[in-house]
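Inspection log for the structure reproduced underneath, given as structure tokens.
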Number of protein chains: 2
Amino acid sequence: MSSNTVPVASNARSATAKISALKAGPPRVSFKTQMLQAREEAIVQAASRLLAEKGFDLMTVDQVAADVGIAKASLYKHFPSKEDLAAAAMVRVLGRARTFLASLPREAAPLDQLKTVVRWMMRLQLAGEMPSLPSQNSTLRATLMRNKAYLDGLMEASEQIGSWIEQAQAEGALDPRLPAIAVLYTLYARACDPVLEFLRMGGQHSDEEIVELVLRTCFCGLSSR
Amino acid sequence: MSSNTVPVASNARSATAKISALKAGPPRVSFKTQMLQAREEAIVQAASRLLAEKGFDLMTVDQVAADVGIAKASLYKHFPSKEDLAAAAMVRVLGRARTFLASLPREAAPLDQLKTVVRWMMRLQLAGEMPSLPSQNSTLRATLMRNKAYLDGLMEASEQIGSWIEQAQAEGALDPRLPAIAVLYTLYARACDPVLEFLRMGGQHSDEEIVELVLRTCFCGLSSR
DNA sequence: GTCTATAATCAGATAGAC
DNA sequence: GTCTATCTGATTATAGAC
């Protein structure tokens, strides 16, 4: 019932329609389209939060619609299925990842870049903003594999991170015996690591301590050095 | 539709009943009870397999019943709910873990014991015999927390493994700066590590190679030493 | 205890008015 | 595009005969 998003006021529609009708101009997004995109963003944001909180199977479309404050049928005008909605949530987080990756200084050491990325993913999970999709649901997998925006986003992020992995291995900072793809998967897996939640439930550590703890075990391992 | 289990022949019931009626003796399990337990074992085994394959939410009670070759209503005579069935599957795997732990030679180094346990868990997952329960489902969590056999089994395994962790840390084989509980969680997490499945999908490595690869990253980390 | 048949509920998706 | 109301199918769980 708690709507933590601010939907666009619906009574402003006729006014904006008139304005956009008066203005003739170059190909740009109209206010109407902007409002549409804003609503879609609100939907996807709510879906992301619920996906992080309950996971795909336990999240219901009713909850998403209620959270945004619209009817379920309206939601289905934007997204043809629950799977496509989840895919949109993944595209959104991949977009945020791209923005974050682009903001990183180029001069840092590859290993530090990787650690920074993993920290960012874990913080996102602890903040309840990392949608978690089950890898077992085949219909969801099929939808994701057909989604070009998802595949492109995943590819772009993987190429950037994979490049750092190879550089770090060439420098000898990362174990060169490990296949780069295995390293990539291992880093991605930190984004949905259940250890984060378990440690938080223990109540012995702050979120930052948890992040650094798991980061250490990820890169340095459990054994002594 | 494929029943990979061999249920006890039902036409043997009357005969066994007569035999058990003739024999008076010390308090022992009757054949009837044994048959009942065998059927329950078949149900739990099927549930374990389906839980590993599809996860709790996507597994249906119909599928379990069909897999065992009994009617769904019969299954509900044995287990009062789907959650209790999943709990029984967890109890079963914990029992297998206890048997395995008890079979380990006592003289081995604690660190090697831990690695042996993690190998066993990962092989079980790759064999499709490790039931995976979502940590998000609250009704399932509540059922598990009320299940004494589950809690006892988990406690016993955790105490044995925790003991090895402390010994390994005292010896300096395991990083003493890590909280023992964090190490325990990290080891348990290997039992449901999605990296295993992803690496298998890549098709570049055998199951044994995958196990050793993930084991290395778990204990030695990604960084060079 | 096992079965067939069914109740009860829930969730994804849609129809049709506005 | 948004709404209310509904359909449709799947799923957990149970009733009642044998």
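- Taking the nucleotide of DNA chain D with the nearest heavy atom to each of B:Asp62 and A:Ala73, the more 5' of the two is matched to A:Ala73.
- B:Tyr76 has a side-chain polar atom (N or O) that falls below the 4.0 Å cut-off from OP1 or OP2 of D:dA13.
- If you take CE of A:Met59 and P of C:dA11, they are 12 Å apart, rounded to a whole angstrom.
- Listed nucleotides: C:dT4, C:dG12, D:dC3. Nearest to the side chain of B:Ala71: C:dT4.
- Contact annotation for A:Ser74: base contact, defined as any heavy-atom pair under 4.0 Å involving a base atom.
- To the nearest 0.5 Å, atoms CD1 (B:Ile70) and CZ (B:Arg39) are separated by 5.5 Å.
- Atom CG in A:Leu58 sits about 13 Å away from atom P in D:dT12, given to the nearest Å.
- Rounded to an integer number of Å, the gap from NZ of B:Lys82 to C1' of D:dA10 is 11 Å.
- With C:dT2, D:dT2, C:dG12 as the choices, the nucleotide that has an atom nearest any side-chain atom of A:Arg39 turns out to be D:dT2.
- At whole-Å resolution of the value, CG in B:Asp84 and C1' in D:dT14 are 16 Å apart.
- For B:Val61, the side-chain atoms get nearest to D:dT12 when compared with the rest of D:dT2, D:dT12, C:dA13.
- Dashed line: the shortest gap from a side-chain N or O of B:Lys77 to OP1 or OP2 of C:dG1 is not under 4.0 Å.
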